[in-house]
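The structure appears right after this line, and notes come after that.
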Amino acid sequence: MEERYNAQNIEKKWQEYWDKENLFTVTENTALPKFYCLEMFPYPSGRIHMGHVRNYVIGDVITRYKKMHGFNVLHPMGWDAFGLPAENAAIKRGVHPSKWTYENIDYMKSQLKKLGLGYDREREVTTCAPEYYRWNQWFFLKMLERGLAYKKSSYVNWCPSCETVLANEQVIDDKCWRCDNIVAQKELEQWFFKITAYAEELLRDADTLTGWPEKVVTMQRNWIGRSEGVEVDFRVTGSDRGMRIFTTRHDTLYGATFMSIAKKHPLVAELVKDENILKEIESLSDDPEEKEGVFTGFHAENPLTGDKIPIYVANFVLMEYGTGAIMAVPAHDQRDFEFAKKYNLPVKTVIQKPEDRGQSTVNGQRSTVNGITEAFEEDGVLVDSAQFSNLPSEEARGKIADYLEKEGLGKRVVNYRLRDWGISRQRYWGTPIPIVYCPSCGIVPVPEKELPVVLPQDALLAGKGVSPLSEINEFAMTKCPECNGDAKRETDTMDTFVDSSWYFLRYCSPKAEDNPVDPDAVEYWMPVDQYIGGIEHAVLHLLYSRFFTKVIRDIGLIKINEPFSSLLTQGMVIKDGAKMSKSKGNVVDPDFLVNKYGTDTVRIFCMFAAPPERDLEWSDQGVEGAYRFLNRIWTYIYKNHDLLSSKGHDRLKDLPQLSSRASQLLRKTHQTIKKVTNSIERDYHFNTAIASLMELFNDISAFKPTGDDDAAVLRFGIRNMIVLISPFAPHIAEDLWRETGRGKSILNEPWPGWDENIAKEEEIELVIQVNGKLRGKVMIPAGLEDEAIKEKAFSEPKVKEHIKDKTLKKVIVVKSRLVNIVI
RNA sequence: GCCGGAGUGGCGGAAUUGGUAGACGCAAGGGACUUAAAAUCCCUCGGGGCUUAACUCCGUGCCGGUUCAAAUCCGGCCUUCGGCACCA
């Protein structure tokens, strides 16, 4: 054993050993309980950053911990390898995306290895490989068959910098999720996945995600945005044309004083012929701050009242939601109210607060905006609403919906905020969409047996805003699979979120050739027991993956409903109060740290500095502290090498036969096993687990054994400490494990249990309070009876001092904890 | 605006879920070793009142409440970080 802790040497040694022994390679062993531990796979951007390190170390700690508990642990890693940076690198530096990507993967793989992360390397998945993306194409075809993939022209989010379309989920605050540029609207023909067909199930099953942070589940629920309402048909006056509106507030139907429709509503083109009005409509601002509208010159008839009310085009009505048309009830909707105020439209109150019941409405029947300062949006009691007057809102909605349905004037519907997932991308480095456009046969799917449609290597990447594939004739020009005539291929590629929507299934059977997944393997491994990744995917990747899982279930390949049983969203790595980023110049390079201190130090620091779900404030001095801790352990074992080494197991004597110092250390050891185990089991609070290991080591290093029994207890403490620390600092643990005379890998060592009888304190410190204030502490034997405890408390001089001659009101005894004397 | 977290020493964070606030670590100060420094080791370390100690108040964002007892539960507010934001 070397005198000095040389992290580089021992880390290299054990990494090679684990590799050679394939200690993390697993098979579907049904005799063992399985555990699937997964971290979100990285985009191969070039180098691992601290966020990755934190993410993957958390997963590795859990993997090693579960392995020691006897689980058959699947812990795979792969590469989310399609994406824009590869293409941008190609444009900028002339290196092919493929070369760039694979070189990055090679380098990052070596970085992961140096971190000591234990993966089943046989299962590595790379999404840009045809063997992988061919199944994206296969899923696309299956979805097409089921009507879950379709093409339509629509306004889409266009990122001018990435020169491609983005899905709604990928637009954050009107900006591109990747490059932060402002996103524009552009009308394009695009392929969509019909995620809305699963809206109800995605929402319903959100209730089953009990192992997820409530926050993430809530975000998904909000994103899906279910709302129940009715569609009501109004008639356009002087035409046989109807107009259908959606509302959730049909209790306010009697208060509608005008109609609002979207700019793109078909009614506009159909009815409005006046050029000036059309021009005005066209020039309506998109500014969400300012409500603007134009009177179309037409009126609509309220099917309940027969009232003729004007139809406006309003800039705040969305064509994409509901029917693109609404009834406007200014008295009870703030937006309509502001609109009415601006254009001096009537306001009719039809809902009152219950306590205002019976009072006349403003101005009797109808009033103008004067006299009201804002819309009353809450539920209340109906007034001026014919036979529905005096009903509470809730009940009125039911009755009115019944009435509308009975009279054929409308029907109950459910709307979702969730939109279908636009997956077309006008970029090169992605999965080709397996579609052929034939002049005579139309849209023809590429037959399954012809998959994969391989992405050609020789694209001209100039970044001109058209799909690079469309410029490669050998690719774009093809024959129609049906009539064999000349045809054109689809030249858009798929959103890379498609790749990551099922990679966790592929890991179960990464080499399956006839199917994207082997159903038996999936049956064994899925669902993922612990998924770990950043909160930024709360709706993106995590919602898409849930959708894909349900689709693949319906295709019949798998049986599960949900992919991830438990989710841990780790916090960001922060330095100087900001997220680490190149632009802020506050990045810490993992390579540098690993070379300087070794990965065990980095791992210990990352796990110790904060619980995993919270942000981690980087501290160079904190890293030093972690390094110091490992050094102290090393030096201690070096100095006491002969004493600590043992070939066999010591026979420990029972507590009463040990010296009091030895029994204290033995107790501390059992308490530490308990504490570390509970900290990990309860909520993966590794920081407190490591803190208690530090405490144990402090006790160990202060313990000066005299005699064999003391030495045996010391060895017991050290041995357990090494085992307990091994998930966090596996290399030094493995090395010290061997140095202290253990044969096999520490990875195969079972996780220790504790003896509650030994862990239990024999003596406890009794806290004595007088009127809730701390007045004394005494050591008493654990399990003392209340009366005896009281007696102890009252006999304390300081306590007597405080009580003096005052009369006792009450004495509270908390078993083996405290006494509170109330006077 | 709506929804959801968070607020504890100089700092990162603990606190068996109502029972000793500040575990563990970092930083800081003092000391030992050294010719000297680094490393290492030992001691102190929430604030006030005391030269020190004993002792004693105050103290978990703010105000109030419940309770023998509140960082923890309840009501109201402030700050901060996320998410959603014309979704009818």
Side-chain angles (χ1 to χ4, degrees), chain A residues 4 172-173 213-223 225-227 229 245-250 252 260 262 287-291 314-318 320-329 332-336 338-339 415-419 535-536 538-539 571-572 574 604-605 608-611 613-626 628-629 631-632 635 674-675 678-679 682 685 687-698 701 765-777 798 801 809-823:
Chain A
R4 286 175 48 92
I172 321 276
D173 287 337
E214 189 52 40
K215 178 186 175 152
V216 175
V217 179
T218 305
M219 280 167 72
Q220 292 213 354
R221 284 201 189 99
N222 292 341
W223 188 262
R226 182 183 199 274
S227 65
I245 60 107
F246 173 71
T247 180
T248 55
R249 288 301 303 273
H250 34 296
T252 65
S260 298
D287 180 8
E289 295 297 307
E290 191 58 36
K291 290 181 184 31
N315 67 342
F316 62 90
V317 179
L318 305 171
E320 298 80 34
Y321 186 76
T323 60
I326 58 170
M327 64 166 186
V329 185
H332 306 294
D333 182 294
Q334 189 59 24
R335 292 159 305 181
D336 296 343
E338 283 167 32
F339 195 89
N415 264 314
Y416 299 91
R417 211 189 74 108
L418 181 71
R419 306 285 146 78
I535 185 82
E536 65 272 17
V539 277
M572 288 187 297
I574 301 285
I604 289 277
F605 172 73
F608 178 63
E613 70 280 1
R614 268 212 239 176
D615 286 349
L616 185 155
E617 175 75 34
W618 193 264
S619 156
D620 291 333
Q621 282 142 341
V623 178
E624 290 277 355
R628 209 151 36 215
F629 173 54
N631 264 295
R632 281 170 60 215
T635 307
K674 179 177 179 179
K675 187 111 192 283
N678 287 343
S679 291
R682 218 174 65 197
H685 278 198
N687 55 331
T688 52
I690 293 172
S692 59
L693 282 165
M694 287 172 169
E695 279 187 54
L696 174 61
F697 179 66
N698 289 343
S701 53
E765 196 181 39
L766 180 73
V767 170
I768 307 162
Q769 295 178 335
V770 178
N771 282 345
K773 285 188 201 267
L774 179 68
R775 294 301 177 198
K777 297 175 185 177
K798 228 194 280 175
E801 181 76 12
K809 282 189 188 140
K810 208 173 184 182
V811 179
I812 288 117
V813 179
V814 182
K815 199 162 74 70
S816 64
R817 208 172 289 278
L818 65 68
V819 176
N820 190 8
I821 299 161
V822 187
I823 51 177

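Note that these values count all heavy atoms, side chains included, but never hydrogens, waters or copies made by symmetry. Chain naming here is simple, since letters A, B, ... match the order of the sequence lines and numbering starts at 1 in each.
Distances shorter than 4.0 Å separate some side-chain N or O of A:Asn698 from OP1 or OP2 on B:G25. Phosphate proximity of B:G1 to A:Arg335: absent, as no side-chain N or O sits under 4.0 Å from OP1 or OP2. Phosphate contact (OP1/OP2 of B:C58, side-chain N/O of A:Lys773, threshold under 4.0 Å): present. Contact between the side-chain N/O atoms of A:Arg221 and the OP1/OP2 oxygens of B:C3 is not found at any separation under 4.0 Å. For A:Asn820 and B:G19, the shortest distance from a side-chain N or O to OP1 or OP2 is not below 4.0 Å. The side chain of A:Thr688 places no N or O atom within less than 4.0 Å of a non-bridging phosphate oxygen (OP1 or OP2) of B:G13. Contact between the side-chain N/O atoms of A:Lys777 and the OP1/OP2 oxygens of B:U20 is not found at any separation under 4.0 Å. In this model, the phosphate group of B:C41 is not approached by any side-chain N or O of A:Arg628 to a distance below 4.0 Å at OP1 or OP2. Side-chain nitrogen and oxygen atoms of A:Arg817 include none within less than 4.0 Å of the OP1 or OP2 phosphate oxygen of B:A69.
The pair A:Arg221-A:Glu214 counts as a salt bridge, with a side-chain nitrogen and a carboxylate oxygen less than 4.0 angstrom apart.
B:G48 and B:A32: their C1' atoms are spaced 33 Å apart (whole Å). Here the separation of B:U40 from B:G4, taken at their C1' atoms, is 48 Å to the nearest Å. Taking atom C1' on both B:C50 and B:C58, the two are 16 Å apart, rounded to the nearest angstrom.
Shown here, B:A39 forms no base pair; nothing in the strands shown gives a Watson-Crick or G-U wobble contact with both key distances under 3.5 Å.
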Next item on the list: Decide yes or no on side-chain hydrogen bond (donor to acceptor under 3.5 Å, both in side chains) for A:Arg775 and A:Asn820, but give the supporting numbers first.
Entry: CA-CA 10 Å; A:Arg775 294 301 177 198; A:Asn820 190 8; over 6 Å; no
Next item on the list: Take A:Ile535 and A:Val216 through the test side-chain contact (heavy atoms from CB on, under 4.5 Å) and record every step on the way to the result.
Entry: CA-CA 8 Å; A:Ile535 185 82; A:Val216 175; 3.6 Å; yes
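Nucleotide B:U80 holds its P atom 17 Å from the CD1 atom of A:Ile574, rounded to whole Å. Between the CD atom of A:Glu695 and the P atom of B:C24 there is a distance of 5 Å, rounded to whole Å. In this entry the distance linking CZ of A:Arg682 with P of B:U16 reads 7 Å, nearest Å. A straight line from OH of A:Tyr416 to P of B:A88 spans 13 Å, rounded to a whole angstrom. Put simply, CD1 on A:Ile812 is 17 Å from P on B:G18, counting in whole angstrom units. Per the geometry, CD belonging to A:Glu624 stands 8 Å off P belonging to B:A39, to the nearest Å. Per the geometry, CZ belonging to A:Arg632 stands 12 Å off C1' belonging to B:C42, to the nearest Å. In this entry the distance linking CG of A:Leu818 with P of B:U20 reads 7 Å, nearest Å.
Within 4.0 Å of A:Ser260, counting heavy atoms only, lies no atom of the nucleic acid at all. Among the heavy atoms of the strands, none lies under 4.0 Å from A:Val329. Among the heavy atoms of the strands, none lies under 4.0 Å from A:Gly225. In this structure, A:Val814 reaches the bases: a heavy-atom distance under 4.0 Å links it to at least one base atom across the strands shown. Here A:Asp615 lies in heavy-atom contact (under 4.0 Å) with sugar-phosphate atoms only. As judged by a 4.0 angstrom heavy-atom cut-off over every strand, A:Gln334 is placed among residues making no nucleic acid contact.
Checked by distance alone, A:Glu765 brings a side-chain donor or acceptor within 3.5 Å of a matching partner on the base of B:U20. No hydrogens or angles were tested; on distance alone, nothing pairs the side chain of A:Lys809 with the base of B:C68 as donor and acceptor under 3.5 Å. Evaluation of atom-type donor-acceptor distances gives a pair under 3.5 Å for the side chain of A:Arg419 against the base of B:C87.
Taking the O4'-C1'-N9-C4 or O4'-C1'-N1-C2 dihedral as appropriate, B:G9 has a value within 90° of 0 and is therefore syn. Here B:U17 is in the syn range [glycosidic angle within 90° of 0].
Nearest to the side-chain atoms of A:Ile326 among the listed nucleotides B:A88, B:C87, B:G25 stands B:A88.
A:Arg632 and A:Asn698 are linked by a side-chain donor-acceptor pair at a separation below 3.5 angstrom, with hydrogens and angles left out of the test. A:Thr248 and A:Ser227 share no side-chain donor-acceptor pair at under 3.5 Å.
Taken to the nearest 0.5 Å, the CE atom of A:Met572 stands 4.5 Å off from the CG atom of A:Asp615. In this structure, OH on A:Tyr321 lies 8.0 Å from CZ on A:Arg419, to the nearest 0.5 angstrom.
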